[in-house]
Amino acid sequence: MDSFNFNQYQNIVIKVGSSLIAPDGRSCSTQYCLPLASFIKKCQHLDKTVTLVSSGAVAAGVNTLKIDHSELTLAKKQACAAVGQAKLINHWQRFFDNHVAQLLLTADDIKHPKRHQNARKTIEQLHQYAILPIVNENDTVATAELQFGDNDNLAAQVATLIDADLLIICSDVDGVYNDNPHQNPQAELIPYIEQISDKTLALGKPTHNAQATGGMVTKLGAAQFASKAGINTIICNGKSEAYTSLLEHKITGTFISSNKPYKQQNQSNINIING
Ligand SMILES: Nc1ncnc2c1ncn2[C@@H]1O[C@H](COP(=O)(O)OP(=O)(O)O)[C@@H](O)[C@H]1O
Ligand SMILES: N[C@@H](CCC(=O)OP(=O)(O)O)C(=O)O
């Protein structure tokens with residue numbers, strides 16, 4: 001079989017969800033962040049530029065303020081995000097010896113031409129300083145994000161902003177299944193999606209996890225957005241061997257192809273495992 005070649009990707013956006021930052025309510029846990037940090041460092045040593053989109057601020061704030069998720073009003077969620085963001089960035093600083101930067105963005109910042117350009121230039125400059133840019137939604141002002149939005153979409157927007165060639169969405173499931181595997185034990189993993197149709201979007205259901213936001217619905221929406229911009233997406237499990245596989249030029253998860261040719265992309269060369 002032809003092989004997927006991780007070497008062809010140079011500018012990668014990695015999104016990590018609350019499910020991995022705060023497993024079982026343990027906010028800012030090292031359990032899944034340590035392997036992810038190690039993967040990011042390996043990518044950096046391979047001369048790839050990496051931008052991290054990290055969720056987990058609300059979960060971290062909930063943990064500090066000892067609030068039940070079911071009691072969260074919008075104002076309480078925003079207060080949790082403000083408390084938790086400080087904790088979250090401190091958490092990442094420890095893995096990267098302080099070589100990280102915090103960027104809090106809203107959808108408006110990405111739409112506004114001048115702010116868009118400023119955000120892009122800042123990220124490029126940080127990459128030149130070998131600093132890992134860590135992006136989150138600016139939850140204090142982005143009320144719509146906490147009511148309707150999600151960081152999967154933000155990650156796809158950031159990937160487009162910086163002309164990334166790969167978006168990796170790390171979650172707590174092996175990839176996209178034909179139904180929610182937490183609710184349907186018969187659900188089967190879909191290793192490769194050539195194009196996201198309405199039928200594919202309908203496979204994505206909400207999350208089973210009170211701490212997370214979007215479930216697979218928003219990940220598929222994000223992949224569709226990235227795909228239209230010529231960016232391939234991989235949805236994988238940050239609890240598994242997915243990172244090791246990628247470094248070995250194999251995909252453990254779901255690969256979603258962009259629907260237009262991008263850079264040296266070669267769609268015939270894809271080696272899928274785990275499916
Ligand atoms: N078709 C599907 N395939 C896989 N997972 C799905 C699907 N539909 C819904 N899900 C849910 O999406 C969850 C992952 O999204 P989410 O909990 O929001 O994670 P994260 O915090 O990583 O963004 C899974 O654990 C599962 O409950
Ligand atoms: N800005 C929020 C992100 C919420 C979110 O999208 O969470 P997730 O579905 O776990 O990626 C936070 O940091 O908690």
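When a ligand or atom number is given, it counts from 1 through the structure's own listing order. In this chain, residues are counted from 1 in sequence order.
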Between Val62, Asn151, Asp172, flag the one that comes closest to atom 3 (C) of ligand 2 by a heavy atom. Asn151

Applying a 4.0 Å heavy-atom criterion (strictly less than), which segment of Glu188 is in contact with ligand 1: side chain, backbone, both, or neither? neither

Going by heavy atoms, is Gln211 under 4.0 Å from ligand 1? no

Close approach, Ser55 and ligand 1, non-hydrogen under 4.0 angstrom: no

With backbone taken as N, CA, C and O and side chain as the heavy atoms from C-beta onward, which portion of His182 lies under 4.0 Å from ligand 1: side chain, backbone, both, or neither? side chain

Lys15 touching ligand 1 at heavy-atom level, < 4.0 angstrom: yes

Compute the ring centroids of Phe4 and Tyr9, then answer whether they are less than 6.0 Å apart. yes

Could you tell me whether some N/O pair between Pro181 and ligand 1 is separated by less than 3.5 angstrom? no

Is it the case that the side chain of His99 and the backbone of Asp97 share a donor-acceptor pair, with hydrogens and angles ignored and the cut-off at 3.5 Å? yes

Of all the atoms in ligand 2, which lie at a distance below 4.0 Å from a heavy atom belonging to Gly56? 12 (C), 13 (O), 14 (O)

Drop me the distance from Asp24's CG to Gln31's CD, to the nearest 0.5 angstrom. 7.5 Å

With a cutoff of 4.0 Å, is Pro206 in contact with ligand 1, counting heavy atoms of the residue only? yes

Number the atoms of ligand 2 from 1 as they appear, then name those within less than 4.0 Å of a heavy atom of Gly17, with their elements. 10 (O), 11 (O)

List ligand 2 atoms under 4.0 Å from Gly214, heavy atoms only on the residue side. 9 (O)

For Gly238 and ligand 1, answer yes if some heavy atom of the residue is under 4.0 Å from a ligand atom, otherwise no. no

